[in-house]
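Shown next, in structure tokens, is the structure this report addresses.
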Amino acid sequence: MLIDRFGRRITNLRISITNRCNLSCYYCHREGYSSNDEMSVDEIKTIVSAFKKLGIKKVKITGGEPLMRRDVTDIISSMPRFDEISLTTNGINLSKIAAELKEAGLSRVNVSLDTLNEEKYRAITRGGKLDKVLDGISEAVSMGLTPVKVNMVVIDNFNVEEIDNMIDFVSRYKHNVILQLIEVVGNNDNHYDLSLIEKKIKKEAKEVKVRAMHRRRQYILDKAIVEFVNPIDNSEFCMACNRIRVTADGKIKPCLMRNDNLVNIRGLKGEDLINAIKKAVMLREPYWSGCK
Ligand code: SAM
């Protein structure tokens with residue numbers, strides 16, 4: 001079992017499998033620094049299996065754009081069993097591979113989509129085609145990669161007024177598609193205070209669930225489910241962080257917000273790998289530690 005110095009039990013692994021992306025969203029943090037020296041299927045398998053031995057329950061595959069890797073289904077099928085293996089994607093290549101992802105053992109997907117306006121979508125992604133993403137969501141639902149979570153990064157003066165439209169959009173899929181409203185990080189000019197939206201949604205909710213992960217709140221409305229991801233200045237978010245990250249080039253990243261405490265675990269095996277992971281867990285510190 002992995003427990004850090006602050007008593008936080010680590011149950012979730014977020015592993016990047018590539019730094020490459022077929023879009024270029026202007027606000028994107030790309031999950032922090034990584035070189036383009038991607039790990040092989042076997043290297044990823046070794047690392048993920050070690051985390052499994054240490055009590056990790058859920059794995060999230062990310063990037064860059066994970067569907068840029070031709071061997072993404074091999075990566076998934078090489079993994080040991082977990083309570084959940086999910087993947088976050090921009091959805092551009094999702095419709096054609098959704099069935100294979102399911103077959104390989106993927107439980108569900110998150111699809112990034114900040115707007116339903118074609119022109120705005122093209123602008124934010126610098127060239128992306130909205131209809132491909134919408135097809136991807138539809139196919140993912142058909143293949144049972146559910147619940148699909150639509151990740152909407154809320155950007156000031158850009159898409160705030162689209163939130164109601166997004167709620168209507170996910171409601172078409174009943175509760176098979178959940179809307180995640182995400183506060184932008186590392187981009188002060190684009191920052192919008194999500195608490196204003198949350199107050200309004202809270203009033204309409206018939207039920208509120210608080211997830212173990214980051215104590216994220218999920219509001220169950222009559223027509224849709226809306227989850228809030230608001231890390232900025234949120235000590236509760238950090239104190240309930242049960243996640244650890246691995247970069248595409250094989251380094252443990254104890255916190256998204258920091259690049260100064262990465263631990264290279266690439267090439268390690270057996271006890272050396274286990275010990276390096278345990279050491280990296282001890283470097284974890286809540287980033288936002290003031291009171292909120
Ligand atoms: N390419 C994949 C995708 O689009 O989902 C995976 C990588 S992307 C970095 C993972 C998630 O991070 C996406 O949902 C994206 O919207 C979110 N993200 C990227 N930059 C962000 C930022 N500055 N603030 C908040 N969320 C961000």
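The basis for the numbers below is simple: all heavy atoms, side chains too, and nothing from hydrogens, waters or symmetry mates. Along the sequence shown, the residues carry numbers beginning at 1. When a ligand or atom number is given, it counts from 1 through the structure's own listing order.
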How about E100 and T73: does a side-chain donor come under 3.5 Å of a side-chain acceptor?
->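 Side chains of E100 and T73: no pair found under 3.5 Å.
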Using distance alone, with no hydrogens and no angle criterion, decide if E65 and N22 have a side-chain donor and acceptor under 3.5 Å apart.
->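 E65 vs N22: no donor-acceptor pair found between side chains.
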Taking the six-membered ring of Y219, is NZ or CZ of K202 closer than 6.0 Å to its centre and within 45° of its axis?
->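 No.
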Using a strict cut-off of under 4.0 Å between a residue heavy atom and any atom of ligand 1, list the qualifying protein residues by chain and number.
-> R14, Y27, C28, H29, E31, T62, G63, G64, E65, T88, T89, N90, S112, N151, V153, I182, E183, V184, V185
Ion pair D168/K223, N-O distance below 4.0 Å =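 Answer for the salt bridge query: yes.
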For residues 2-9, run the donor-acceptor check on the side chains, cut-off 3.5 Å, and write out each pair with its distance to 0.1 Å, sequence neighbours left out.
| residue | atom | partner | partner atom | Å |
| --- | --- | --- | --- | --- |
| D4 | OD1 | F6 | N | 2.8 |
| D4 | OD1 | G7 | N | 3.2 |
| D4 | OD1 | R8 | N | 2.9 |
| D4 | OD2 | R8 | NE | 2.7 |
| D4 | OD2 | R8 | NH2 | 2.9 |
| D4 | OD2 | R284 | NE | 3.1 |
| D4 | OD2 | R284 | NH2 | 3.3 |
| R5 | NE | M282 | O | 2.8 |
| R5 | NH2 | E285 | OE2 | 3.3 |
| R8 | NH1 | C238 | O | 2.7 |

After noting the C-alpha distance and the side-chain angles of L101 and V72, does the key distance pass the side chain to side chain contact (heavy atoms under 4.5 Å, CB included) rule?
-> CA-CA 8 Å; L101 292 172; V72 61; 4.3 Å; yes
